[in-house]
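Since the structure comes first, as structure tokens, the remarks are kept for the end.
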Amino acid sequence: MAKIPINLQTGSIEEKDEGDIIVGIDLGTTNSLVAYIKDGEPTAVRDTSGSNALVPSVIHFGELGKISVGNDAREQLISDPEHTIYSVKRLMGKSYRDVENIEGFFGYKIIDEDTDSLVKIRVENRFYTPIELSAEILKQLKTRIESALDRTVTKAVITVPAYFNDAQRQATRDAGKLAGLDVLRIVNEPTAASLAYGLNNQSETAQKIAVYDLGGGTFDISILEIHDGIFEVLSTNGDTFLGGDDIDQFIIDYWLDINGKSKEDILNDKSKVQALRLMAERAKKALSSSDQFKDHVGFLNCQITRETLEQLIANFVQKTLDCCQRALQDAKLQASDIDHVVMVGGSTRIPYIKSAVGAFFGREVYDKLNPDEVVALGAAIQADILAGNQKDILLLDITPLSLGIETMGGLMDVIIPRNSKVPARAGRQYTTSIDGQANLKISVFQGERDLVEHNRKLGEFILRGIPPMPAGLPKIEIHFILDADGILLVKAKELRSEVEQSIEIRSQYGLSEEEMALMLLESIKHAESDMAVRALLEARNEANNILLSAAKFLQQHREILSEEEYATTEQLTAKLRTAVQGEDKDYINEVMEELNAYTSPLAHRAMDKTIAEAMRGKKID
Ligand code: AMP
């Protein structure tokens with residue numbers, strides 16, 4: 001399996017260009033950054049003042065559709081919260097149902113439908129997917145490195161948390177594509193951090209690594225094993241709402257306490273809350289290198305010693321160590337089995353945290369690299385390996401093109417992404433879209449475009465004999481198993497009835513290198529228009545599902561609806577039906593939301609009535 005260099009300016013396939021550059025990107029929840037190999041050393045790209053490599057992962061939508069990303073956008077968090085999007089990484093690849101519990105955390109509008117479709121964020125009258133929003137952050141990083149290097153950059157390695165699932169990884173890939181970046185590989189953040197410390201080629205024997213990552217808002221612990229240059233994630237644990245922000249809050253609470261104030265005293269004064277928060281963060285950072293801190297906000301005395309801070313955070317740190325213990329248990333290891341401990345994330349600068357983690361694992365931690373940058377630096381090293389510049393590092397065989405199946409509306413659903421390590425296996429569950437559907441055609445495709453018609457068909461088969469069930473009920477698991485010789489086995493199984501079918505496809509090598517390169521090139525060229533088509537088709541699919549449910553609802557519950565309610569529901573479904581014919585995905589989403597908002601109280605009423613009837617012993621239809 002081969003890598004094909006394409007000149008994106010001319011579109012031609014060329015001999016490997018020695019100057020070919022692939023960058024490493026850490027796309028973070030709070031901050032993002034980009035790094036590359038400069039004179040043999042991984043280097044993070046800083047802002048024009050040369051001091052800061054971090055770009056806050058914040059997007060602001062200003063007047064006349066002006067989008068800003070980074071520090072400028074972060075300044076709008078307080079003044080214009082409805083138009084300022086943060087923590088979008090928490091939404092990647094998530095459905096509405098997935099984020100139900102954390103919705104209160106966001107200051108902006110997430111459309112609150114109780115469905116399995118992917119979340120969208122509403123800003124004024126436009127709907128954005130987390131992919132589109134992440135793409136804005138990536139575009140900003142792309143611009144930053146392009147102006148630093150004075151050349152175009154089109155290839156990247158992007159990092160994700162080790163626990164990201166297929167959908168979240170695919171969403172990250174799509175975001176890269178939309179930002180004009182060919183994402184050569186998605187790398188786990190803890191793997192990248194270990195690479196930055198050179199932990200990939202140190203020893204002949206297998207090594208176990210614990211990566212302790214405490215950022216501003218999240219905590220992750222990953223246990224990895226490295227053997228013959230291959231990283232394997234043994235276990236992950238953590239807390240998605242635990243981080244440096246909590247420490248700032250402990251300090252604020254302490255200051256209120258020593259000043260004899262309660263939270264309510266200052267809660268209404270937004271600027272004071274903000275000033276205290278900034279002061280608390282300053283104090284926390286200062287105490288990482290000195291023993292005490294003294295200042296004031298208005299008349300509030302803001303002093304604190306390192307010793308007090310350590311008392312304030314002792315329980316918090318213990319919580320992170322409990323997560324470490326659980327991660328070890330899951331990996332069936334003891335703390336003493338760990339050979340290396342790597343520190344990642346700004347909060348690991350706190351000396352107390354370093355020593356507590358060191359004591360827990362019984363060894364000194366790796367903390368020499370900048371903990372904010374270490375993941376991006378590792379990504380840059382991985383990028384350099386892919387570019388073929390580090391000959392001594394083993395590169396695994398990879399699949400040159402993505403493999404997937406056709407789903408509703410002719411969309412390509414990638415199951416094994418390109419550049420996956422071979423052998424690979426991956427699976428996903430699907431369902432039927434028609435009541436009583438007995439057969440399901442599974443068409444297998446190879447390629448990077450969003451519509452299967454632009455990709456290459458490898459084969460198809462029909463899963464027959466699905467027992468009659470209402471649409472959406474069958475659980476059909478499709479598995480792709482790609483062996484080391486590039487032979488693909490596709491299996492489909494309906495889990496309720498155990499009906500099963502499979503095919504073997506040997507045509508991985510059927511494509512010439514030129515053909516493969518052309519397919520990749522086409523996918524990059526069409527990324528933006530493909531994404532637009534995908535978004536439109538997805539909106540249409542969702543709308544069609546809602547139209548079906550609405551029709552069923554009107555038919556089944558006519559008696560509980562007033563004339564007016566019935567008429568309005570019909571009117572709104574008619575409006576949605578017309579919208580689906582059109583090409584405007586934002587309009588479809590808007591009408592869908594309107595219909596949902598109107599019918600959801602009616603649906604609740606119908607449900608209450610059904611339950612009441614059931615309790616009276618009547619039959620539920
Ligand atoms: P990250 O999400 O990795 O960028 O981590 C940012 C978090 O690290 C924020 O909560 C910062 O306040 C915190 N942080 C940055 N520098 C320091 C420092 N010197 N001491 C303590 N915490 C820090």
Side-chain angles (χ1 to χ4, degrees), residues 24-35 44-47 51-58 70-71 73-74 77 86-90 105 137 141 159-162 189-190 192-193 196 211-222 238-252 254 274-293 302 304-310 312-314 316-317 319-320 342-357 365-379:
I25 292 178
D26 172 3
L27 183 60
T29 311
T30 335
N31 293 304
S32 300
L33 68 158
V34 53
V45 184
R46 297 178 191 285
D47 56 12
S51 60
N52 200 355
L54 301 182
V55 174
S57 306
V58 183
N71 282 312
R74 190 171 57 177
L77 266 176
Y86 56 93
S87 273
V88 65
K89 186 172 175 180
R90 294 185 191 273
F105 166 83
I137 301 171
L141 295 172
T159 58
V160 296
E189 287 160 10
V211 182
Y212 180 101
D213 180 350
L214 187 62
T218 58
F219 169 62
D220 294 317
I221 170 77
S222 312
D239 187 328
T240 44
F241 288 95
L242 196 71
D245 300 347
D246 297 300
I247 301 179
D248 302 346
Q249 192 58 48
F250 297 148
I251 298 176
I252 296 174
Y254 170 72
Q274 179 63 359
L276 266 177
R277 191 160 289 152
L278 292 175
M279 186 65 81
E281 190 179 12
R282 248 188 65 206
K284 174 182 73 176
K285 290 184 179 173
L287 291 180
S288 290
S289 50
S290 54
D291 286 335
Q292 55 175 327
F293 178 86
C302 299
I304 182 166
T305 63
R306 187 190 279 188
E307 202 185 333
T308 307
L309 177 69
E310 293 180 354
L312 293 177
I313 64 173
F316 165 95
V317 175
K319 260 196 205 170
T320 66
V342 173
M343 300 299 258
V344 180
S347 302
T348 62
R349 286 199 180 88
I350 298 176
Y352 176 77
I353 294 187
K354 283 187 203 183
S355 56
V357 176
V365 300
Y366 284 86
D367 64 351
K368 295 290 168 290
L369 295 172
N370 181 333
D372 289 319
E373 296 180 0
V374 57
V375 168
L377 298 179

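Index from 1, following the sequence. The model shown is predicted, which means the values in this text are computed figures rather than measured ones. Order of listing sets the numbers, starting from 1, for every ligand and every atom in it.
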| request: Decide yes or no on side chain to side chain contact (heavy atoms under 4.5 Å, CB included) for Thr348 and Val365, but give the supporting numbers first. | output: CA-CA 10 Å; Thr348 62; Val365 300; over 6 Å; no
| query | Taking 4.0 angstrom as the limit, do Lys285 and Glu281 come out as a salt bridge? | reply | yes
In the protein, what heavy atom is nearest to [atom], and what distance, to one decimal place, separates them?
atom                    : value
atom 4 (O) of ligand 1  : Asn31 ND2, 3.2 Å
atom 23 (C) of ligand 1 : Gly346 O, 3.3 Å
atom 20 (N) of ligand 1 : Ser288 OG, 2.7 Å
atom 2 (O) of ligand 1  : Gly216 N, 3.0 Å
atom 10 (O) of ligand 1 : Lys284 NZ, 3.2 Å
atom 16 (N) of ligand 1 : Arg349 NH1, 3.0 Å
atom 11 (C) of ligand 1 : Glu281 OE2, 3.2 Å

| remark: Across all chains, not counting sequence neighbours, the side-chain hydrogen bond (donor to acceptor under 3.5 Å, both in side chains) partners of Ser355 are none
| field | Atom CD of Glu307: over 12 foreign heavy atoms under 6.0 Å | value | no
Using a strict cut-off of 4.0 Å, indicate which atoms of ligand 1 neighbour a heavy atom of [X].
X      : result
Ile350 : 21 (C)
Gly345 : 3 (O)
Thr30  : 2 (O)
Gly215 : 1 (P), 2 (O), 3 (O), 5 (O), 7 (C)
Gly244 : 10 (O)
Asp372 : 1 (P), 3 (O), 4 (O), 5 (O)

| Derivation of the side chain to side chain contact (heavy atoms under 4.5 Å, CB included) call for Phe293 and Ile251 | CA-CA 11 Å; Phe293 178 86; Ile251 298 176; over 6 Å; no
| note | What one should report as the nearest heavy-atom pair of Leu33 and Ala53 is CB-O, 3.3 Å
| Short side-chain to backbone donor-acceptor contact, Arg306 and Tyr352, under 3.5 Å | no
| Nearest-0.5 Å distance, CG of residue Asp239 to CD1 of residue Ile221 | 13.5 Å
| message | With the threshold set at under 4.0 angstrom, would you say Gly28 reaches ligand 1 through any of its heavy atoms? | response | no
| query | Out of Thr29, Thr30, Leu27, which residue meets the side-chain contact (heavy atoms from CB on, under 4.5 Å) rule with Lys89? | reply | Thr29
